[in-house]
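Letters go in sequence order (proteins before strands), and every chain restarts at 1.
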There are 2 protein chains.
Amino acid sequence: MKMYAMTVLQARQNEKGNGGINMLALKHLRLIEAIHDSGSITRAASRLYLTQSALSHQLVALETYYGVSLFERGRPLRLTAAGEILLALSHDIMPRIEAAKRELSRLVEDKQSGRLRIAVECHTCYDWLMPAMDAYRTNWPEVEMDLVGGFHTDPIALLADDKADLVIVSERGKHKGVVFNPLFRYEMLALMASAHPLAAKSYLTARDFAADVLITYPAPDRLLDVVRRVLKPAGINPERRFAELTIAIVQLVASRKGLAALPAWAIPTYLERGYVVARPITKRGLWSGLYAAAREADAGRAFHKDFVSTLREQAFMSLPTIEPLA
Amino acid sequence: MKMYAMTVLQARQNEKGNGGINMLALKHLRLIEAIHDSGSITRAASRLYLTQSALSHQLVALETYYGVSLFERGRPLRLTAAGEILLALSHDIMPRIEAAKRELSRLVEDKQSGRLRIAVECHTCYDWLMPAMDAYRTNWPEVEMDLVGGFHTDPIALLADDKADLVIVSERGKHKGVVFNPLFRYEMLALMASAHPLAAKSYLTARDFAADVLITYPAPDRLLDVVRRVLKPAGINPERRFAELTIAIVQLVASRKGLAALPAWAIPTYLERGYVVARPITKRGLWSGLYAAAREADAGRAFHKDFVSTLREQAFMSLPTIEPLA
DNA sequence: CATCTTCATGAATATAATTCATGGAATTCA
DNA sequence: TGAATTCCATGAATTATATTCATGAAGATG
């Protein structure tokens, strides 16, 4: 980088006016956190909903201004000592800023109506939903949270019927008065016993499912991505078996009762023991997304938005394999 | 304000993209501090080197976004509860940010060369210079500070001769390789005994000095603003008397030995006792400025810039009558 | 070595911040 | 009370800044 040849004095003298005092902005701290967390500018960019180029420019500008590099270039990008200083600053002040913003929102909004009845379409979601709810509760103790149990053929209808305030679904529909907020996207992996012949392949195709039993949650095909988006289009309809719990599905697979398709983030725990292996479905992989749906009127409120932010944050923190979703 | 008629929901829904997360910026915290300190947008603007309009726009944008007013309109502008939250946040995080920036600078710069030999042109300056040096020392303990004593006909020459690294002067000259940083401007007031006949006037003119003794520091006329900018142009050359210390000058004035002209900020202490009174000089008042001069090569360095910032900050904190200086 | 991914960079574009010009409200002073 | 002054808000014009687009080079991968 040419920058390294530039002396501190040169960098400093390029300052115009008093722009200097505003050189370090909060967006830069977020930038540094995102790059550090994700290890790459490209991934940080998608998480911040900006282009790689934008972030590269931001980073170069900051580094040039202070005349020091903040990341060692390489993969993954690693913080320099200077970068560590700013990351520490970020960890120090960001929570305070978020807390102040919450205080402001609480001051402005009607405190009585804070209520979040949450409905979940996917079984596996509870894994990360619970920690997220716990994290949220500490920031918004006065918000009354509830889980809407049972199974629902049309979960979005729960919003209109005022049975739920927030629904987690796997598709962004077009319903009047309902807002969909993207949470994250994740890969569905095919699960099979380690000794299964298909384990030799680097990825599975629709055809590979034809000869074996498919083990799924007891949900309508419409909600099972493998069936809806891979098997059905290919006209393949394998023998089926059902289990309520993820652990039960994994057990059946390990016992060579058949194949399953589970979110990549639900699997690592079971993979460790070595009885089952996971493989991508189709060459490009089978990716699904999750969205938080809410009534338009609610979606703008601070305690609602903050819940969605918390969901995202907690998910990205605990589920390493997921990706941002526009 | 129309804003008040806007509901929170409306305000929130006006958000575009994810601009929301960057809505609260550090400049807003600085804005709030400046308005709160100065009591008016106009004064805050001059302190931040922006126009009143810019700050008004900033404030309105912030208030509109959060759907709450941060200042009660009136004079002076007073913080609302919401504003207090952000001011508290600012007080909380700004010092941490500044500290991190210093750490960064220290990391980058050559630690050995941190040296500040300071020369002062004006006698009264020691009053605020000492506390400023103390404040600075806690942040930059490794910088070796020294005061260049004695009296100098050409203090700027001390820079070229490498006898001083920073000189505080009252005029922005044009010397090659020397950078002048404005510190603040202040009013010179005429000081007279309470019983003095001129005390009846609301301001003094050059003519008023003709009949009395003028008591000054033992400095060349070139450095005495009353003489150089008021009396000399009017061809008035009053009898003179000299004293080294401010307190001595005030004593002489109180003892009816003559008039003096002192910076407004040096006077309040003495005014309280009631023996002397202060009056503006000329109808518009006689205003002077102070500048910190340094060699170009030094002026860009972090420990130098931070010293100048500290000078300004400390001055504005302890001298209520001073004004920003472009 | 070929391929794929990731960064950096300049130019073009889009967005945001600031100023300019102005009117109205509040405040001060005569 | 009226006149003068100071201050704030606001829309439009301008300027500055941030982001994207398009691309090449460097780095990883197999």
Point to revise | Any pair counted as salt bridge (charged side-chain N to carboxylate O under 4.0 Å, His left out), so long as it reaches residues 43-55 of chain A, sequence neighbours left out | key: A/Asp37-A/Arg47
Practice item. Take the protein atom CD1 of B/Ile41 and the nucleotide atom P of C/dA25, then report the distance between them rounded to whole Å. Key: 17 Å
**Study point:** Verdict with reasoning, A/Leu79 to A/Phe71, per side chain to side chain contact (heavy atoms under 4.5 Å, CB included)
**Key:** CA-CA 4 Å; A/Leu79 284 169; A/Phe71 288 92; 3.3 Å; yes
Check your understanding: Residues two or more places apart in sequence or in another chain: which of them pass salt bridge (Lys or Arg N to Asp or Glu O under 4.0 Å) with B/Arg229?
Key -> B/Asp225
**Study point:** Protein-nucleotide distance (B/Leu77, atom CG; D/dT6, atom C1'), rounded to Å
**Key:** 13 Å
Exercise for review: Write down the distance between CD (A/Glu63) and P (C/dC7), rounded to a whole number of angstrom.
Suggested key: 12 Å
Practice item. Using five base pairs at each end, measure the axis-to-axis angle across the helix from C/dC1-D/dG30 to C/dA30-D/dT1 and round it to 10 degrees. Key: 50°
Study note, to complete from the structure: Between CD1 of A/Ile35 and P of C/dT6 the distance, given in whole Å, is 14 Å
Exercise for review: Describe the nucleic acid contact of A/Ser56 in one word from base, sugar-phosphate, nothing, applying a heavy-atom distance below 4.0 Å.
Suggested key: base
Check your understanding: Once you round to the nearest 0.5 Å, how far does CG of B/Leu107 lie from OG1 of A/Thr80?
Key -> 7.5 Å
Review point. In whole Å, what is the span from the CZ atom of B/Arg43 to the C1' atom of D/dC8?
Key: 13 Å
Study note, to complete from the structure: Going 5' to 3' through nucleotides 19-30 of chain D and flagging B where a protein heavy-atom sits under 4.0 Å of the base, S where only the sugar-phosphate is that close, and - otherwise, we get SBB-----BS--
Point to revise | Nearest-angstrom distance from the residue atom CD1 of A/Ile21 to P of D/dT17 | key: 15 Å
Show the atom names and distances, to 0.1 Å, of all donor-acceptor pairs under 3.5 Å that link a side chain in residues 84-93 of chain B to residues at least two apart or in another chain.
unit_1: B/Ser90; atom_1: OG; unit_2: B/Glu33; atom_2: OE2; d: 2.6
unit_1: B/Asp92; atom_1: OD1; unit_2: A/Arg96; atom_2: NH1; d: 3.3
unit_1: B/Asp92; atom_1: OD1; unit_2: B/Arg96; atom_2: NE; d: 3.3
unit_1: B/Asp92; atom_1: OD1; unit_2: B/Arg96; atom_2: NH2; d: 3.2
unit_1: B/Asp92; atom_1: OD2; unit_2: A/Arg96; atom_2: NH1; d: 3.1

Exercise for review: Output all residues satisfying salt bridge (Lys or Arg N to Asp or Glu O under 4.0 Å) with B/Asp306, sequence neighbours left out; order by chain, then residue number.
Suggested key: B/Arg102
Check your understanding: Taking CD from B/Glu323 and C1' from D/dT6, how many angstroms apart are they, rounded to a whole number?
Key -> 14 Å
Solution key, residues 311-326 of chain A side-chain donor-acceptor pairs under 3.5 Å, sequence neighbours excluded:
unit_1: A/Arg312; atom_1: NE; unit_2: A/Pro182; atom_2: O; d: 2.8
unit_1: A/Arg312; atom_1: NH2; unit_2: A/Pro182; atom_2: O; d: 2.9
unit_1: A/Ser318; atom_1: OG; unit_2: A/Gln314; atom_2: O; d: 3.0

Point to revise | With B/His196 via side-chain hydrogen bond (donor to acceptor under 3.5 Å, both in side chains) - residues at least two apart | key: B/Asp212
**Study point:** Protein-nucleotide distance (A/Arg78, atom CZ; C/dC7, atom P), rounded to Å
**Key:** 15 Å
Point to revise | Sequence-distant partners of A/Tyr186, ring-ring contact (aromatic ring centres under 6.0 Å, His included), two or more places apart | key: A/Trp265
